[in-house]
Amino acid sequence: MPRTASKTGDEPEGQSRSIAAVERAMDVLLLFGRSTRPDLGVTEIATELGLTKAAVHRILTALRSKELITVDPVTRRYALGHAAISLGRAYMARMDLRAMVGPELRLLSRQTGETATLSVRRGDTRMYVDQAVPNQELRMEVSLGIPYPLHAGSSSKAFLAFLDEAEVSGYLARHPLNALTDKTIVSEEYLRAELANIRRRGYATSLGERQEGAGSIAAPVFDHDGRVLAVLSVSGPATRFKSHMKEYAPLLIAAASRVSAQLGFPER
């Protein structure tokens with residue numbers, strides 16, 4: 001006896017129901033992924049997705065069986081499980097950061113008419129790994145792959161500002177604040193105050209701190225755990241760049257936020 005066709009006539013009714021169940025399960029997983037809370041209750045999930053509590057219970061039971069979701073036996077609240085975290089790690093391992101950030105660098109360079117760069121951290125240093133340069137004669141270009149200290153320049157300070165206190169203190173204990181130019185911050189007290197300003201503002205600035213005659217602003221890129229994975233910056237000759245720093249800052253922060261969102265960091 002033939003199976004009953006669905007309303008669309010395209011697929012059997014049982015198959016249609018199975019696809020709908022999978023879609024609801026994916027909706028639940030994605031809700032955990034974008035939530036700023038560490039765990040969720042059945043009522044919260046049901047309300048957010050417009051599902052019945054019974055349906056949410058069934059979905060959570062299925063997801064728990066595959067270790068995609070875990071439950072606290074005391075609070076009865078749910079969180080992402082080991083299997084879901086493994087999927088995220090597999091994605092991160094295959095991710096090409098330069099390919100992901102490249103379009104944002106080119107957009108920033110077009111928007112500002114200045115050089116846009118991508119930096120990554122390597123231990124107690126950071127280095128440029130990509131850049132997009134504008135089509136104008138007087139412009140900044142950076143050297144890729146050269147390590148720089150974390151206390152000098154906007155990209156370096158953007159890393160240092162968003163490390164935890166223990167990491168900042170460890171860096172300061174290991175490294176004297178050597179001057180790269182006469183504008184480099186060499187006072188620990190002054191540097192700590194500057195880092196607090198960067199955290200409050202969301203981006204770092206520099207006028208000749210690492211390279212004489214250069215102006216720059218930089219913003220952090222966060223991964224899914226809220227740790228600084230990379231830094232985006234815009235830079236140019238200080239004489240031209242200085243008066244545009246506040247104008248460029250929102251463009252830079254928006255670009256860094258879009259990249260962070262691709263890495264699983266909740267949108268701010």
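This is a predicted model, so every value here is computed, not measured.
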Qualifying salt bridge (Lys or Arg N to Asp or Glu O under 4.0 Å) pairs with a residue from [range], counting only residues at least two apart or across chains:
range: residues 182-192; answer: E165-R192, E188-R192
range: residues 201-220; answer: K157-E209
range: residues 232-260; answer: E104-R258, E114-R240

Problem set entry | Residues L31, D27; criterion side chain to side chain contact (heavy atoms under 4.5 Å, CB included); working and verdict | CA-CA 6 Å; L31 176 61; D27 287 339; over 6 Å; no

Within a strict 4.5 Å, meaning less than it, do heavy atoms of the [X] and [Y] side chains meet?
X: I217; Y: M245; value: yes
X: Q211; Y: T181; value: no
X: T115; Y: P134; value: yes
X: S260; Y: V221; value: yes
X: P237; Y: M140; value: yes
X: L107; Y: L251; value: no
X: L195; Y: I198; value: yes

For this session: For the pair R200 and N197, evaluate side chain to side chain contact (heavy atoms under 4.5 Å, CB included) and give the outcome as yes or no after the intermediate values.
Result: CA-CA 5 Å; R200 183 181 65 253; N197 287 334; 2.8 Å; yes

Exercise. Can you check side chain to side chain contact (heavy atoms under 4.5 Å, CB included) on V259 and F265, steps first, answer last?
Worked result: CA-CA 9 Å; V259 177; F265 184 71; over 6 Å; no

Exercise. Can you name the residues that form a salt bridge (Lys or Arg N to Asp or Glu O under 4.0 Å) with E141, not counting sequence neighbours?
Worked result: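 Here the qualifying residues are R139.
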
Exercise. Of all residues at least two apart in sequence or in a different chain, which pass the salt bridge (Lys or Arg N to Asp or Glu O under 4.0 Å) check with R98?
Worked result: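 Salt bridge (Lys or Arg N to Asp or Glu O under 4.0 Å) check on R98 returns D130.
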
Exercise. Do S216 and S235 meet the criterion of a side-chain donor-acceptor pair at a distance under 3.5 Å?
Worked result: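 The criterion, which ignores hydrogens and geometry beyond distance, is not satisfied for S235 and S216.
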
Problem set entry | Over-ring placement of R126 relative to Y128, 6.0 Å and 45° cut-offs |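 Yes, R126 lies over the aromatic ring of Y128.
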
Exercise. Going through the checks in order, is the side chain to side chain contact (heavy atoms under 4.5 Å, CB included) test met by V71 and R77?
Worked result: CA-CA 6 Å; V71 63; R77 293 180 66 80; over 6 Å; no

Exercise. Going by the angle between their ring planes, with limits at 30° and 60°, are Y171 and H151 parallel, tilted or perpendicular?
Worked result: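 Correct class here is tilted.
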
Problem set entry | Residues that Y78 engages under ring-ring contact (aromatic ring centres under 6.0 Å, His included), provided they are two or more places apart |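 Y78 satisfies ring-ring contact (aromatic ring centres under 6.0 Å, His included) with no residue once adjacent residues are dropped.
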
Exercise. Can you check whether R122's main-chain N or O pairs, donor with acceptor, with T125's side chain at less than 3.5 Å?
Worked result: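 Such a contact is found between T125 side chain and R122 backbone.
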
For this session: Verify, without hydrogens or angle tests, whether S187 (side chain) and Y190 (backbone) share a donor-acceptor contact under 3.5 angstrom.
Result: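 Yes.
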
